[in-house]
Amino acid sequence: NHLPVAAVLWLARELRVSKTWRTRAVVVVSHDRHFLDAATTDSLHISGAARRLTAHRMCYSAWAAKRAEQQLALERRRALRDEKKKTLEGYAGHGFKYGGASSQINMM
């Protein structure tokens with residue numbers, strides 16, 4: 001993170017082009033997404049919330065775009081689930097009288 005720009009560019013090129021590094025695993029930790037895109041082929045994501053490590057065979061930018069899509073899909077599923085739960089709560093205690101099927105009532 002504290003390397004001069006010339007050193008960062010050299011390191012990215014060295015990791016990408018040199019035959020020495022193609023057969024080895026190198027762990028790179030950086031906040032510079034452009035450097036990560038230039039120097040890496042795979043990414044590891046450490047999730048604090050889920051407490052797991054996941055591997056992705058793609059550059060950082062592709063992973064970030066995929067992650068954003070996953071987060072959006074998760075939020076949509078949560079919203080649908082909350083909406084369905086709210087509808088089913090309206091049937092609670094009323095049984096079949098107000099149109100709630102037993103399967104819907106049992107889902108609560």
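Since the structure is predicted, the reported quantities are computational estimates derived from the model, not experimental observations.
L9 and L36 are not part of a single hydrophobic cluster, where members link through side-chain heavy atoms under 4.5 Å apart. Grouping the Ile, Leu, Val, Met, Phe, Trp and Tyr side chains by contacts below 4.5 angstrom, directly or via other members, places L11 with V26.
H45 pairs by the ring-ring contact (aromatic ring centres under 6.0 Å, His included) definition with W63, not counting sequence neighbours.
Taking 4.5 Å as the limit, every side-chain heavy atom of K84 sits out of range of all side-chain heavy atoms of T87.
Remark: R24 CZ to S18 OG distance equals 8.5 Å, nearest 0.5 Å. Taking CG of L80 as the start and CD of E75 as the end, the distance is 10.5 Å to the nearest 0.5 Å. Put simply, NZ on K66 and CE on M58 are 4.0 Å apart, with the number rounded to the nearest 0.5 Å. With rounding to the nearest 0.5 Å, the separation of CZ in R81 from CG in L88 is 12.5 Å.
Alongside L44, the hydrophobic cluster contains I46, L53 (criterion: ILVMFWY side chains under 4.5 Å). In this structure, L72 shares a hydrophobic cluster with no other residue, the cluster being traced through Ile, Leu, Val, Met, Phe, Trp and Tyr side chains under 4.5 angstrom apart.
Counting non-hydrogen atoms of other residues, nucleotides and ligands closer than 6.0 Å to CZ of F35 gives a total above 12.
With hydrogens and angles disregarded, a donor-acceptor distance shorter than 3.5 Å links the side chain of R16 to the backbone of A38.
The two residues D42 and R57 come nearest to each other via the heavy atoms OD2-NH1, 2.8 Å.
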